Amino acid sequence: MLDIQLLRSNIEEVAARLAARGYTLEADAFNSLEAERKSLQTRMQDLQSQRNSSSKQIGIAKKNGEDVSAIMAQVASLGDELKAAEDAFAAVQSRLDNWLLTIPNLPHESVPAGEDESGNVEVRRWGTPRSFDFDIKDHVDVGAPLGLDFETGAKLSGARFTVLRADIARLHRALAQFMLNTHTEQHGYSETYTPYIVNSDVLYGTGQLPKFAEDMFRVERGGEAAAQAQYLISTSEITMTNMVRESVLKHDELPLKFTAHSPCFRSEAGAYGRDTRGLIRQHQFDKVEMVQIAHPDHSFAALDEMVGHAEVILQQLGLPYRVMALCSGDMGFGAHKTFDLEVWLPAQNTYREISSCSNMGDFQARRMMARFKDADGKNRYVHTLNGSGLAVGRTLVAVLENYQNADGSVTIPEVLRPYMGGRDKIGG
RNA sequence: GGAAGCGUGGCCGAGUGGUUUAAGGCAGCGGUCUUGAAAACCGCCGAAGGUGUGAGCCUUCCGUGAGUUCGAAUCUCACCGCUUCCGCCA
């Protein structure tokens, strides 16, 4: 959520910055709604003030045994008038709030201008794609004999669901374990296990609601009608970030650094026909996520650090990648600044997104009322950051493709061997 | 699933219809004293919002939401959460 003060004082500049990400801010509509809010709020508070002082007079008079009928008569009509004023104000305020919740975050000034992913800027590359002396397969064909079973996944749950068996299942687990251990033991994150089902409030906090309900899976309890809608998490960013909602942290406990390995559930409503082959785009996939709750002065340093943490995973796995600075038109709804990591997939002969690390600024904090008490004693909004470190399914894809051998086996990257019973390859 | 109890500021906790402007304590901050610290003493000390150049003034908030009332932390209803006991259960 944007700072409403900024909209009041400088809506033209806000509109210009949002235009860079393809969002049209209706400035006139805001200004008239805001004018309405102002007069209604002033009137309501004025009436409340009258009621309070009259009621106090009645209390005092009664205590002194005086006649109160004169004041009572004076107050009689106030009730209805006040109720009407309160209702009118609440209606306008709620329209204003609901509208504010649909406005995306402002891109940071360092974000390159651009309309879509073609405007993203490569920051650096690491590693050299391997050259193969045999005809390579994609991960679907490499994985099938090793236990990557799309057919059974579809039988159980439909398209975009997968069963992993045997060595593939273990390799998948090994990847997640390796990532989690690296972030907790070397990068200072605190391991977290969180609910996979959350209340809708929480999704307003991180920005999935109200705009992106169609991307989520909504769940119902058996038997009774749900008191409140609940959803499967689409990333553990949601739960880890919301852990600090509605709280005031101490400035010296920042930054908080959380990591979790969790499944992620996405309806992929807008993705019909895209990435239908293989593991790239699933309704259910695992991800090791990093979240930082940072002091505003340090959030950009934290973002660089977090990108580095994700890079360490790729480097240790020996997977070539590049770092992309997302342009204004390609960033997510709540992002202030985003770097994507794209891993080399030889069968597609291209780099594909495997991690996305964002500084959300105070956008989520304002929605969540997540604050900290600064050294000067003032409460301020924290900055929130999140990043994949990494998407486990896509990392599995990258390992299968980059480490495939002519005989159909797959070499296990050295760092994973302790998690694989010491073996150096699977299959073949 | 059944029963009972409870929900008040960062924390503990008083308050059961009206000068409550939420007592008191702890923690925190500033000061006096001290070589320094502790102790003692003095003072400050919830949040969100509106309005104003400003000092300030005003509104809202006692789990959430409705209701009763001139007036609600306090009364009524619903919901949420927590605790304890019983039942069931990985």
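A quick note: this is a predicted structure, and the numbers were derived from the prediction, not measured. Proteins get letters first, then strands, A, B, ... in listed order; numbering begins at 1 in each.
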Requested in this report: Give a yes or no on this: more than 12 heavy atoms of other residues, nucleotides or ligands lie within 6.0 Å of atom CZ of Arg95(A).
Outcome: no
Query raised in the report: What residue pairs, at least two apart or across chains, pass side chain to side chain donor-acceptor pair (under 3.5 Å) with a residue in residues 103-113 of chain A?
Result: His108(A)-Ser110(A), Ser110(A)-Lys337(A)
Query raised in the report: Using a heavy-atom distance cut-off of less than 4.0 Å, which residues of residues 6-15 of chain A contact RNA chain B?
Result: Arg8(A)
Report task. Apply the test ring-ring contact (aromatic ring centres under 6.0 Å, His included) to residues Phe372(A) and His251(A): give CA-CA distance (whole Å), side-chain angles for both, the deciding distance (0.1 Å), then the verdict. Result -> CA-CA 6 Å; Phe372(A) 72 100; His251(A) 65 88; 7.5 Å; no
**Report entry** Pairwise 5' ranking along RNA chain B for Lys38(A) and Arg371(A), keeping only the more 5' one
**Finding:** Arg371(A)
Report task. With sequence neighbours excluded, tell me which residues meet side chain to side chain contact (heavy atoms under 4.5 Å, CB included) with Pro413(A). Result -> Leu317(A), Val399(A), Tyr403(A), Leu416(A)
Query - Touch class at under 4.0 angstrom, heavy-atom based, for Arg366(A) against every strand present - result: nothing
Query raised in the report: Applying side chain to side chain donor-acceptor pair (under 3.5 Å), which residue pairs with at least one partner in residues 13-33 of chain A are found, sequence neighbours left out?
Result: Asn10(A)-Glu13(A)
Query raised in the report: Who pairs with Phe333(A) by ring-ring contact (aromatic ring centres under 6.0 Å, His included), at least two apart in sequence or on another chain?
Result: Phe212(A), Phe363(A)
Report task. Provide the full list of salt bridge (Lys or Arg N to Asp or Glu O under 4.0 Å) pairs with a residue in residues 379-402 of chain A, sequence neighbours left out, each pair given once. Result -> Asp374(A)-Arg380(A)
Query raised in the report: Which nucleotide in the list rA48(B), rG18(B), rU51(B) gets nearest to the side chain of Met369(A)?
Result: rA48(B)
Query - Sugar-phosphate only, base, or nothing, as touched by Ile58(A) at under 4.0 Å among non-hydrogen atoms - result: base
Report task. Determine which pairs satisfy salt bridge (Lys or Arg N to Asp or Glu O under 4.0 Å) with at least one residue from residues 143-161 of chain A, sequence neighbours left out, and list them in order. Result -> Asp149(A)-Arg165(A)
Query raised in the report: Watson-Crick or G-U wobble partner for rU59(B), using a 3.5 Å limit on both distances?
Result: rA48(B)
Report summary line: The contact string for nucleotides 59-68 of chain B, one letter per nucleotide 5' to 3', using protein heavy atoms under 4.0 Å with B, S and - for base, sugar-phosphate only and none, comes out as SS--------
Query - Listed nucleotide nearest any side-chain atom of Gln5(A), set rA47(B), rG50(B), rC70(B) - result: rG50(B)
Query raised in the report: Between Lys56(A) and rU20(B), is there a side-chain N or O to OP1/OP2 distance below 4.0 Å?
Result: no
Report task. Provide the Watson-Crick or G-U wobble partner of rA3(B), both distances under 3.5 Å; none if there is no partner. Result -> rU84(B)
Report task. Please determine, for rU74(B), whether a Watson-Crick or G-U wobble partner exists with both distances under 3.5 Å, and give it or none. Result -> none
Query raised in the report: Under the salt bridge (Lys or Arg N to Asp or Glu O under 4.0 Å) test, which residues partner Arg352(A), sequence neighbours left out?
Result: Asp275(A)
